[in-house]
A.B. asks: 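Questions regarding the structure given below will be posed in turn.
By convention here, the first residue in the shown sequence is residue 1.
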Amino acid sequence: NEVARALATALPSLTRLKRLYLDSNQIQFEGISALAAVFAHLTRLEVLSFSDNDLGARGFEVLAKALLPLSELRELCLDGNNIGDQEGAIALAKVLPRFPRLQKLDLSRTFIGDNGVKILASVFANATSFPEFHELRLEANQIGDKGVQSLADSLYCSRQLRLLSLGANRIGNEGAERLATVLKHLPKLKALLLGRNLLEYQAVEALASARVGHSELQQLALEGNAITAEEVDAIFTAAYAERDVTQEENKPDGDFQSR
């Protein structure tokens, strides 16, 4: 908090500042209250990293209001703060549409849970608000099937999304199967990270089937789920084999090709 008060004096003069990293400073409610007025002077800010502080939901509400002038913001990292699944998530949902150029959002380890994801999903559903948005990180948030189903339903129009990280949550078969159905609507997705969840055989089958039909997806992380590596390999081998057989069967015959 002493650091925050010192920065509150120094930062307003840096009106051309584009990147601000305030990670791991133990900034709490008192500190962010001191810093809040600073952001009105930093309207050119494009990257704000506030990872691993100690805001809590009340402090985050103050921060969210303070961020309103930052219409140029492209990257927002809030991981490691206890935003929570109620007031903090609501405050974030209100401010996010003010960042039309947002590209990356990191909310890992913020305790938003299913309810918080549902609140934020209503924002992501309006893809026109974030035409450049391509990276969303939600690791270690106690998100279960209900939360990820709400999230998946909101991503149908997020055609620029390249990375979706949901590792270390509580996602089971139903949530993963819903994600599998939305993959075809995310043509630029390169990485889907689902390690350390509760996925079983049927979930991996659905994901594998979606994966073989997705030309851009390069990384599908599934480590640490309720299925062995050997089973995962077998599922993907079978999925690719089935695709190859289908493609072969759908080839036109020789006479048609000659014509």
Side-chain angles (χ1 to χ4, degrees), residues 1-120 123-124 130 133 135-143 147 163 165-169:
N1 291 326
E2 291 179 4
V3 171
R5 285 192 291 270
L7 286 171
T9 302
L11 285 174
S13 62
L14 303 177
T15 55
R16 295 185 180 183
L17 191 68
K18 291 190 175 183
R19 296 173 177 265
L20 179 58
Y21 299 91
L22 295 169
D23 306 333
S24 303
N25 278 302
Q26 298 182 342
I27 297 174
Q28 300 174 327
F29 178 77
E30 182 183 346
I32 196 58
S33 298
L35 276 173
V38 168
F39 294 102
H41 302 277
L42 305 179
T43 56
R44 296 188 184 185
L45 204 64
E46 296 179 0
V47 177
L48 175 61
S49 186
F50 211 86
S51 305
D52 295 307
N53 281 286
D54 193 15
L55 283 182
R58 192 166 67 115
F60 183 75
E61 288 183 71
V62 174
L63 175 61
K65 291 179 182 177
L67 298 182
L68 289 172
L70 305 185
S71 60
E72 296 296 310
L73 202 63
R74 293 184 170 119
E75 297 183 25
L76 181 58
C77 300
L78 299 167
D79 49 307
N81 289 284
N82 188 358
I83 293 174
D85 65 353
Q86 292 290 337
E87 289 81 3
I90 292 170
L92 180 59
K94 288 180 179 178
V95 74
L96 281 178
R98 302 294 290 268
F99 311 139
R101 304 188 71 180
L102 189 67
Q103 298 174 356
K104 299 180 181 182
L105 178 62
D106 191 345
L107 297 174
S108 303
R109 299 177 292 115
T110 53
F111 300 93
I112 58 175
D114 283 346
N115 192 61
V117 169
K118 185 176 181 180
I119 292 168
L120 294 173
V123 179
F124 297 133
F130 314 104
F133 188 61
E135 183 173 314
L136 178 59
R137 294 184 175 273
L138 294 167
E139 299 106 318
N141 270 309
Q142 302 177 353
I143 299 169
L163 183 146
S165 183
L166 291 162
N169 280 292

A.B. asks: With distance as the sole test, does Asn141 use its side chain to make a donor-acceptor pair with the main-chain N or O of Thr110 at under 3.5 Å?
C.D. replies: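 The answer is yes, because a donor-acceptor pair under 3.5 Å joins these two groups.
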A.B. asks: Would you say that Leu48 contacts Leu42 through its side chain, given a criterion of any heavy-atom pair below 4.5 Å between the two side chains?
C.D. replies: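 No, too far: nothing below the 4.5 Å cut-off.
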A.B. asks: Test of understanding: with side chain to side chain donor-acceptor pair (under 3.5 Å), list the residues that count as partners of Glu61, not counting sequence neighbours.
C.D. replies: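 Glu61 satisfies side chain to side chain donor-acceptor pair (under 3.5 Å) with no other residue.
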A.B. asks: Should Glu72 and Arg44 count as an ion pair when the cut-off is N to O under 4.0 Å?
C.D. replies: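 Here Glu72 does not pair with Arg44 in a salt bridge, since their nearest N and O are not under 4.0 Å apart.
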A.B. asks: Minimum heavy-atom separation for Leu68 and Arg98, please, with both atom names.
C.D. replies: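 That closest heavy-atom pairing would be CD2-NH1, 3.6 Å.
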A.B. asks: With a 4.5 Å heavy-atom cut-off, do Leu105 and Phe99 have their side chains touching?
C.D. replies: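 A side-chain contact under 4.5 Å is absent here.
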A.B. asks: Any non-hydrogen side-chain atom of Leu138 less than 4.5 Å from a side-chain atom of Ile112?
C.D. replies: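 Sidechains of Ile112 and Leu138: in contact.
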A.B. asks: Which heavy atom in Arg137 sits nearest to a heavy atom in Asp106, and how many Å separate them?
C.D. replies: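 Closest heavy-atom pair between Arg137 and Asp106: CB-OD1, 3.5 Å.
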A.B. asks: Closest approach of Asn169 and Gln142, non-hydrogen atoms and distance?
C.D. replies: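 Of all heavy-atom pairs spanning Asn169 and Gln142, the closest is OD1-N, 3.0 Å.
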A.B. asks: Test Leu92 against Ile119 for side-chain contact (heavy atoms from CB on, under 4.5 Å), laying out the working first.
C.D. replies: CA-CA 9 Å; Leu92 180 59; Ile119 292 168; over 6 Å; no
A.B. asks: Where is the tightest heavy-atom contact between Asp79 and Ser51, given as atom of each residue plus distance?
C.D. replies: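 Heavy-atom minimum between the residues: OD1-OG, 2.6 Å.
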A.B. asks: Are any side-chain N or O atoms of Asn115 and backbone N or O atoms of Asp85, one a donor and one an acceptor, separated by less than 3.5 Å?
C.D. replies: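 Here the side-chain-to-backbone pair exists.
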A.B. asks: Is any side-chain heavy atom of Asp23 less than 4.5 Å from a side-chain heavy atom of Asp52?
C.D. replies: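 With C-beta onward as the side chain, the pair stays apart.
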A.B. asks: Look only at the side chain of Asn25 and the backbone of Ala4, and say whether a donor-acceptor pair between them is shorter than 3.5 Å.
C.D. replies: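 No, because the side chain of Asn25 does not come within donor-acceptor range (under 3.5 Å) of the backbone of Ala4.
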A.B. asks: If you measure from CG on Leu11 to CZ on Phe39, what distance do you get to the nearest 0.5 Å?
C.D. replies: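 Here the rounded value is 8.0 Å.
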A.B. asks: Between atom CG of Leu67 and atom CZ of Phe60, what is the distance when rounded to the nearest 0.5 Å?
C.D. replies: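 So the gap between those two atoms works out to 7.0 Å.
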A.B. asks: Rounded at 0.5 Å granularity, tell me how far CD in Gln103 sits from CG in Leu73.
C.D. replies: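 Separation between the atoms: 10.0 Å.
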A.B. asks: Which heavy atom of Ala8 sits nearest to which heavy atom of Ala34, and what is that distance?
C.D. replies: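 Residues Ala8 and Ala34, closest heavy atoms: CB-O, 3.3 Å.
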A.B. asks: Contact between Val123 and Pro97 at the side-chain level, heavy atoms closer than 4.5 Å - yes or no?
C.D. replies: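 Yes. Closest side-chain heavy atoms under 4.5 Å.
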A.B. asks: Do Val38 and Leu7 come within less than 4.5 Å of each other through their side chains, counting heavy atoms only?
C.D. replies: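 In short, these two side chains do not touch, never coming nearer than 4.5 Å.
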A.B. asks: When you measure from the side chain of Asp54 to the backbone of Ile27, do you find a donor-acceptor pair of N or O atoms at a distance under 3.5 Å?
C.D. replies: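 It does not hold such a pair.
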A.B. asks: Which distance, rounded to the nearest 0.5 Å, do you find between the CD of Glu139 and the CG of Leu166?
C.D. replies: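 One gets 8.0 Å once the value is rounded to the nearest 0.5 Å.
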A.B. asks: A side-chain contact here means heavy atoms from C-beta on lying under 4.5 Å apart; do Leu76 and Leu70 qualify?
C.D. replies: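 They are not in contact (no side-chain heavy atoms under 4.5 Å apart), so the answer is no.
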A.B. asks: Is it the case that the side chain of Ser49 and the backbone of Tyr21 share a donor-acceptor pair, with hydrogens and angles ignored and the cut-off at 3.5 Å?
C.D. replies: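 Side chain of Ser49 to backbone of Tyr21, a donor-acceptor pair under 3.5 Å: no, none is there.
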A.B. asks: Which residues pass the salt bridge (Lys or Arg N to Asp or Glu O under 4.0 Å) test with Glu30, not counting sequence neighbours?
C.D. replies: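 Once residues adjacent in sequence are excluded, the partners of Glu30 under the salt bridge (Lys or Arg N to Asp or Glu O under 4.0 Å) criterion are Arg5.
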A.B. asks: Would you say Leu78 and Leu63 make side-chain contact, with heavy atoms under 4.5 Å?
C.D. replies: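 They are in side-chain contact.
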A.B. asks: Are there over 12 heavy-atom neighbours, none belonging to Arg74, within less than 6.0 Å of that residue's CZ?
C.D. replies: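 Counting other residues, nucleotides and ligands, CZ of Arg74 exceeds 12 neighbours.
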A.B. asks: Please name the pair of heavy atoms, one in Ala89 and one in Gly116, separated by the smallest distance, quoted to 0.1 Å.
C.D. replies: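 In terms of heavy atoms, the two residues are closest at CB-CA, 3.9 Å.
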A.B. asks: Roughly how far apart are Leu102 CG and Ser71 OG, rounded to 0.5 Å?
C.D. replies: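 Reported to 0.5 Å precision, the distance equals 12.0 Å.
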A.B. asks: Check this for me: Gln86, atom CD, are more than 12 non-hydrogen atoms of other residues, nucleotides or ligands nearer than 6.0 Å?
C.D. replies: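 Yes, because the 6.0 Å sphere around CD of Gln86 holds more than 12 heavy atoms from other groups.
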